[in-house]
Amino acid sequence: MTKLTKELGLIRRIRTAEAGRPGAAVRGVVLGIGDDCAILRPPRGHEVLVTTDFSLEGRHFRRNWHTAESAGHRTLARGLSDLAAMGAKPLAAFLSLALPPEMLRSAAGRRWLDGFLAGLRGLAAEFAVPLAGGDTSESPSDGVLADIVLVGSAPAGKALRRSGARAGDGLYVTGWLGGAAAELAMLERGEGRLAKRGRGGKLAVPNPHPQLYPQPRIAAGLALVRRGMASAAMDLSDGLSSDLAHLCRASGVGAEIIGSALPIHPLASKAGEEDALTLALHGGEDYELLFTARTGTRMPRSLGGIPVARIGTVVAGGLLTLVDVDGRRRRLKPGGWEHFAAAK
Ligand SMILES: [Mg+2]
């Protein structure tokens with residue numbers, strides 16, 4: 001920690017209320033901020049899961065498109081979504097921040113930082129995840145660098161993996177697709193309203209700000225583990241076509257997607273049918289869960305309060321196929337598609 005960041009009491013300010021008081025007992029955190037390490041205690045019979053994500057200004061957020069609150073929210077949401085993907089319950093978060101010197105010295109910069117921390121803390125409170133440590137530094141570059149580490153726990157041997165899908169399994173997603181990319185396009189065109197706060201709460205309806213305030217699907221991931229329903233799972237960060245390819249490669253299978261079965265986010269629907277399909281297939285950052293379940297599994301209509309849609313079937317071989325509304329089959333590639341050759 002540099003002198004300047006120390007003066008700002010950054011570490012003190014990134015503590016969440018529940019982990020903030022010295023000696024405060026937080027479930028899972030034996031010792032939080034204030035010593036050389038945090039001490040965590042996972043529930044008995046559980047394994048520990050760890051994920052780390054960079055959020056870099058200019059790459060993962062833009063200070064002119066994303067509000068400070070949104071940038072903070074998104075930084076934590078990305079890590080929480082990875083825990084959700086494996087059906088883990090959050091135990092603690094660790095935040096490292098590198099901030100440009102001009103930001104630390106200007107009132108506007110400090111306001112941005114306060115907004116960033118408020119956005120992050122708001123989502124942390126929603127999921128009761130304590131911030132148990134972190135580090136701050138002046139950045140040698142002129143952009144903000146945030147690194148979030150999330151630690152979670154899952155019953156031993158039960159965490160969801162990408163590698164368990166088999167031919168014949170049903171393919172499912174939670175929530176709605178394409179909304180985050182549609183909202184990003186609106187922000188780029190200067191049409192989006194820069195909403196200051198996240199929404200929280202209502203999970204059964206589409207999130208009005210899927211790009212600014214994505215909602216990690218922790219409850220759905222926990223429900224999948226509890227019910228033992230998923231054969232494979234992951235979260236959608238890069239876009240369905242890319243992420244499905246990752247899951248299929250890990251499982252050694254292919255998949256057939258029914259275009260008309262994709263749950264399209266209302267913001268994406270506005271773009272028209274063809275563009276909506278493109279956004280749903282290739283737009284990233286929806287942070288929904290993609291999972292598979294054995295044939296015959298009685299899938300509920302919602303998991304953890306979030307609607308679930310069957311979008312296709314796992315098949316043998318490595319090919320990803322999209323069946324469109326007219327019954328035409330296209331080969332789905334990460335970020336795009338191509339028509340099958342007529343001779344095939
Ligand atoms: Mg992920």
Side-chain angles (χ1 to χ4, degrees), residues 47-56 59-61 71 73-96 120 123-124 127 129 146-154 158-165 171-181 184 207 210-211 213-225 229-251 253 255 257 265 279-293 303-304 306 308 311 314 320 332 334-335:
E47 288 167 337
V48 172
L49 292 87
V50 184
T51 176
T52 171
D53 280 290
F54 259 134
S55 286
L56 310 179
R59 171 140 184 86
H60 300 100
F61 64 90
H73 177 111
R74 285 167 53 83
T75 294
L76 181 60
R78 296 179 65 213
L80 285 175
S81 182
D82 281 330
L83 291 184
M86 299 193 69
K89 191 180 166 98
L91 208 55
F94 299 83
L95 174 72
S96 292
L120 192 138
L123 189 66
F127 288 94
V129 48
D147 182 45
I148 193 99
V149 175
L150 262 296
V151 181
S153 68
K158 301 289 188 210
L160 311 173
R161 303 173 188 216
R162 298 179 179 184
S163 55
L171 192 62
Y172 300 85
V173 291
T174 60
W176 297 268
L177 302 177
L184 182 64
N207 177 355
Q211 165 65 222
Y213 298 101
Q215 288 293 316
R217 301 309 193 190
I218 293 284
L222 291 174
L224 283 174
V225 165
M229 276 183 156
S231 49
M234 68 181 300
D235 67 322
L236 292 173
S237 53
D238 296 343
L240 178 60
S241 58
S242 302
D243 290 325
L244 178 62
H246 294 313
L247 186 144
C248 284
R249 200 173 309 124
S251 291
V253 294
I257 299 247
H265 191 285
L279 289 165
L281 286 169
H282 313 306
E285 305 185 308
D286 284 319
Y287 299 112
E288 297 292 353
L289 299 187
L290 169 70
F291 62 96
T292 60
L303 281 167
I306 298 129
V308 171
I311 60 164
V314 177
L320 306 186
L332 190 61

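Counting starts at 1 for both ligands and their atoms, in listed order. Throughout, residue positions are numbered sequentially from 1 according to the sequence presented. Fair warning: this is a prediction, and the values are worked out from it, not measured in the lab.
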Visitor: Between Leu49 and Leu150, is there a side-chain heavy-atom distance shorter than 4.5 Å?
Guide: no
Visitor: Nearest to the Mg ion (ligand 1), which N, O or S atom of Asp235 do we find?
Guide: OD1
Visitor: Using 30° and 60° as the class boundaries, would you call the ring planes of His265 and Trp176 parallel, tilted or perpendicular?
Guide: perpendicular
Visitor: N/O/S atom of Asp243 under 2.8 Å from the Mg ion (ligand 1), yes or no?
Guide: no
Visitor: Taking the side chain as C-beta and beyond, is there a heavy-atom pair between Thr292 and Val253 under 4.5 Å?
Guide: no
Visitor: Which pair of non-hydrogen atoms, one from Leu222 and one from Gly87, has the smallest distance, and what is that distance?
Guide: CD2-O, 3.6 Å
Visitor: In Asp82, which N, O or S atom comes closest to the Mg ion (ligand 1)?
Guide: OD1
